[in-house]
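To find a chain, count down the sequence lines: A is the first, B the second, and so on, and within it residues start at 1. Note that these values count all heavy atoms, side chains included, but never hydrogens, waters or copies made by symmetry.
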Number of protein chains: 2
Amino acid sequence: MSHNTAEINRRLREAGYRVTPQRQLILDAVCELGKHVVPDAVYEVVRRKTPSLSRATVYRTLHFLTEQRILAMVQMADGRVAYEVAGPEPHHHLVCRTCDSFLELPHSVLRTFRQRMDSQYDFEIDVSHVSFFGHCTDCRDAAGA
Amino acid sequence: MSHNTAEINRRLREAGYRVTPQRQLILDAVCELGKHVVPDAVYEVVRRKTPSLSRATVYRTLHFLTEQRILAMVQMADGRVAYEVAGPEPHHHLVCRTCDSFLELPHSVLRTFRQRMDSQYDFEIDVSHVSFFGHCTDCRDAAGA
DNA sequence: ATGGATGCAAAAGTTTTGCAAAGAA
DNA sequence: TTCTTTGCAAAACTTTTGCATCCAT
């Protein structure tokens, strides 16, 4: 479990929202599924435990938890939107277009780049999450061979 | 007109494809609409000249022209797919999340970054087009004021 | 004339919404 | 009890596909 349930529940209640079994199930599902989790995958997982839980609730809850900064929205290679548990520090991904695997980049690798854009172009890059797409070693080797 | 019609038509015919009024209209529309052009916007434009032109043809033609490297596919902030005329050299965008304006970055700014990813992470970033999202000076000032 | 391209309409897939009912605080 | 959240079903969108027809070559 990579999220602190008690702390999150406190935060939600403090902001006037309610802690429901559905919200907990959906958050657990995202957590369990890992990174780059699509709504449909969440739906499939939560449905096993609670068949009555609807798709609408999955979508509403993913939006809600993203607004609360408990989840983060990320983009996949094909343009689809996915989610993951938001860590305390932003991080970024190198996503392989061939095998869909990805490497995590520490925030620091973008820091220099961002500063350059800021001073050179007067543009502040939003670095909550950036995905770069390309090809990992394995797939490159496979293609080249 | 930022594309060479004669040259493109030649290329298509040489590859065994046909040059149709629809394809020309759609390419002109993308050209006229500029950067980050969504399918629906293309459809609205071409429809004015040729009301019978169907959405299916817009989608099929955008895919086709992308395959032929005459157009390039780009991603927008909300995850939607858009298109633009493909230049000879890749370029990148700084897209403002507030006002949707964007700045064009020369390919060179990513070259260093890319080399670092390659040597450090064994990952070859696909740099045909990268969009960074954030906030331009104007919108930053407006928000900060 | 020949086969690639188009139009139409229907399908498929994904996300949103209205509203009554349920249930967390 | 109160008011947020949910489930259901339908709607809204976006994109794809089958097939007969059309038309660029």
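For B:Arg23 and D:dT25, the CZ to P distance is 10 Å, given to the nearest whole Å. Regarding B:Glu14, its CD atom lies at a distance of 18 Å from the P atom of C:dG4, rounded to whole Å. In this structure, OH of B:Tyr83 is placed 8 Å from P of D:dT15, rounded to the nearest angstrom. The nearest whole Å value for the distance from the CZ atom in B:Phe64 to the C1' atom in D:dA24 is 13 Å. What separates CD of A:Gln24 from P of D:dT6 is a distance of 11 Å, to the nearest Å. As rounded to whole Å, 14 Å separates atom C1' of C:dG13 from atom CD of A:Glu44. Residue B:Arg47 contributes atom CZ, which lies 11 Å from atom P of C:dC8 at whole-angstrom precision. B:Leu12 places its CG atom 20 Å from the P atom of D:dC23, with the value rounded to the nearest Å.
Considering only residues two or more places apart in sequence or on other chains, A:Tyr59 meets the ring pair (Phe, Tyr, Trp, His ring centres under 6.0 Å) condition with none of them. Partners of A:His107 under the ring pair (Phe, Tyr, Trp, His ring centres under 6.0 Å) rule, at least two apart in sequence or in another chain, are A:His92. Legend: residues meeting ring pair (Phe, Tyr, Trp, His ring centres under 6.0 Å) with A:His36, ordered by chain and number and at least two apart, are A:His93, A:Phe102.
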(message) Please encode protein proximity along nucleotides 15-25 of chain C as a string of B, S and -, counting only heavy-atom distances under 4.0 Å.
(response) BBBB----BBS
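For residues 111-121 of chain A, the salt bridge (Lys or Arg N to Asp or Glu O under 4.0 Å) pairs, not counting sequence neighbours, are A:Glu89-A:Arg111, A:Asp118-B:Arg140.
At least one donor-acceptor pair under 3.5 Å links the side chain of B:Thr137 to the backbone N or O of A:Asp122. Proximity of a side-chain donor or acceptor of B:Arg23 to a complementary backbone N or O of B:Leu65 within less than 3.5 Å is not detected. At distances below 3.5 Å, at least one donor-acceptor pair connects side-chain atoms of B:Arg11 with backbone N or O atoms of B:Gln68.
In terms of heavy-atom proximity, B:Val45 sits nearest to B:Ala29 at CG1-CB, 3.8 Å.
Nucleic acid contact class of A:Ser54 (heavy atoms, under 4.0 Å, all strands): base.
Over its length, the helix from C:dA1-D:dT25 to C:dA25-D:dT1 turns its helix axis by 30°, as judged from the five terminal pairs at each end, rounded to 10°.
Side-chain heavy atoms closer than 4.5 Å link hydrophobic residues (I, L, V, M, F, W, Y) into clusters, and following such links, even through other members, never connects A:Val74 to A:Tyr83.
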